[in-house]
Number of protein chains: 2
Amino acid sequence: MKIGQVATKSGLPAKTIRYYESIGLIDPAGRTSAGYRAYEDKDIQTLRFIQRARSLGFSINEVSALLTLWNDRNRASAQVKELAKRHVEEMDRKITELQSMKSTLSDLIDKCQGDHRPDCPIIDNFAKKKL
Amino acid sequence: MKIGQVATKSGLPAKTIRYYESIGLIDPAGRTSAGYRAYEDKDIQTLRFIQRARSLGFSINEVSALLTLWNDRNRASAQVKELAKRHVEEMDRKITELQSMKSTLSDLIDKCQGDHRPDCPIIDNFAKKKL
DNA sequence: CTTGACCTTCCAGTAACTGTAAGCTCCATA
DNA sequence: TATGGAGCTTACAGTTACTGGAAGGTCAAG
């Protein structure tokens with residue numbers, strides 16, 4: 001199977017698959033006599049795994065660790081769970097931060113007339129001297 | 001005033017101030033005879049403005065637009081409000097996405113025993129053939 | 001006159017791709 | 001057989017917003 005078909009089946013752009021190979025996230029694919037990358041079904045499984053993990057926000061490094069665990073028959077599920085928990089914590093931090101920023105900005109937006117005049121509580125807030 | 005003091009007063013690392021100058025977000029600072037950047041109080045105001053806007057998640061480009069609006073006596077507050085609203089929408093999108101990812105992953109975590117055995121619903125989910 | 005704290009510039013690295021260019025290969029049709 | 005287009009190849013640049021580090025200049029204190 002060539003990369004285009006693998007891209008379709010895995011949900012990842014061909015470009016991205018090559019990129020993953022270039023950074024060592026996946027093993028280099030075999031090649032046809034013409035130099036085209038040749039894939040098998042198990043490669044698609046791996047790429048789908050990666051795609052799922054990435055879609056849940058895991059970093060490439062984390063995905064790499066997850067791939068290792070996936071292939072480790074002696075893994076402890078505790079290791080996977082721990083990795084996942086840490087990721088959820090990280091997402092929680094980001095959610096909290098975003099909500100805080102959104103809240104502050106929304107308050108300012110509510111106070112802004114939003115008309116043709118220059119007076120603007122948003123600008124004023126950014127420009128004010130001290131907290 | 002030299003860059004170190006400005007860094008302290010503005011809440012931005014000296015390195016970042018130089019970076020902002022290099023990309024044209026702020027005007028090049030004056031120089032002392034020794035070649036050191038020389039700042040005035042109004043520069044600190046500008047940098048604090050930038051710091052505030054950045055801390056609310058606005059991109060450098062958006063901050064640049066906000067700076068222009070700040071210095072535009074003929075601005076309409078509607079312009080500022082619109083920019084801010086779009087940014088809130090963007091944050092909302094991110095929050096929703098993060099919450100969705102978190103929710104999915106949390107469900108999987110709850111199902112995982114987290115012990116010494118390899119069986120793991122998280123890995124299983126990532127590895128499963130089809131949705 | 002020598003530290004040490006600051007300052008300077010420039011280059012590289014980060015995360016995870018994406019875009020673009022120049023150039024093969026393969027298959028089908030005229 | 002020639003040609004055209006789809007799909008493949010590599011390599012390099014660009015994105016975002018900095019941050020780290022190296023090599024070297026400046027200034028005030030001791």
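Basis for what follows: all heavy atoms, side chains included, without hydrogens, waters or symmetry-related copies. Just so we're on the same page: letters track the sequence lines, and every chain starts at 1.
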May I have the list of side-chain donor-acceptor pairs in residues 35-44 of chain A shorter than 3.5 Å, sequence neighbours left out?
residue: A/R37; atom: NE; partner: A/E21; partner atom: OE1; Å: 3.1
residue: A/D43; atom: OD2; partner: A/E40; partner atom: N; Å: 2.8

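- Formation of a donor-acceptor pair under 3.5 Å by the B/T16 side chain with backbone atoms of B/L12 is not found in this model.
- First and last contacting nucleotides of DNA chain C toward chain A (any atom under 4.0 angstrom from a heavy atom, 5' to 3' order): C/dA16 to C/dC26.
- Between the A/H87 side chain and the A/E62 main chain, no donor and acceptor come within less than 3.5 Å of each other.
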Could I get a table of every N or O pair under 3.5 Å where one atom is in the protein and the other is in nucleotides 11-16 of chain D?
residue: D/dA11; atom: N6; partner: A/K15; partner atom: NZ; Å: 3.2

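- Ring geometry for B/F49 versus A/F126: interplanar angle over 60°, hence perpendicular rather than tilted (30 to 60°).
- Between B/E90 and B/R93, at least one side-chain N (NZ, or NE/NH1/NH2) sits under 4.0 Å from a carboxylate O, which counts as a salt bridge.
- Between the side chain of A/T96 and the main chain of A/D92, a donor-acceptor pair closer than 3.5 Å is present.
- Using a cutoff of 4.0 Å between basic side-chain nitrogens and carboxylate oxygens, B/R86 and B/E82 are scored as salt-bridged.
- A/N71 places a side-chain N or O within 3.5 Å of a backbone atom of A/L67 that can act as its donor or acceptor partner.
- A side-chain donor-acceptor contact under 3.5 Å links A/S106 to the backbone of A/K102.
- Rounded to an integer number of Å, the gap from B/K2 NZ to D/dC27 C1' is 7 Å.
- Across all strands shown, B/F58 has no heavy atoms under 4.0 Å from either base or sugar-phosphate atoms.
- The salt bridge (charged side-chain N to carboxylate O under 4.0 Å, His left out) check on B/R117 picks up B/D115, with sequence neighbours excluded.
- Considering only heavy atoms from C-beta on, A/I17 comes within 4.5 Å of A/S10 through its side chain.
- A/Y20 is listed as a side-chain neighbour of A/R54, based on a closest heavy-atom distance under 4.5 Å.
- Taking the C1' atoms of five terminal pairs at each end of the helix from C/dC1-D/dG30 to C/dA30-D/dT1, the two resulting helix axes are inclined by 30°, rounded to 10°.
- Judged by distance alone, with hydrogens and angles left aside, the side-chain atoms of A/Q5 form no donor-acceptor pair with the main-chain N or O of A/K2 at under 3.5 Å.
- Within residues 25-41 of chain B, the residues approaching DNA chain D are B/A34, B/Y36, by heavy-atom distance under 4.0 Å.
- Residue contacts shown for B/R18 include a base, since a base heavy atom lies under 4.0 Å away.
- Within 4.0 Å of A/I3, counting heavy atoms only, lie sugar-phosphate atoms of the nucleic acid but no base atom.
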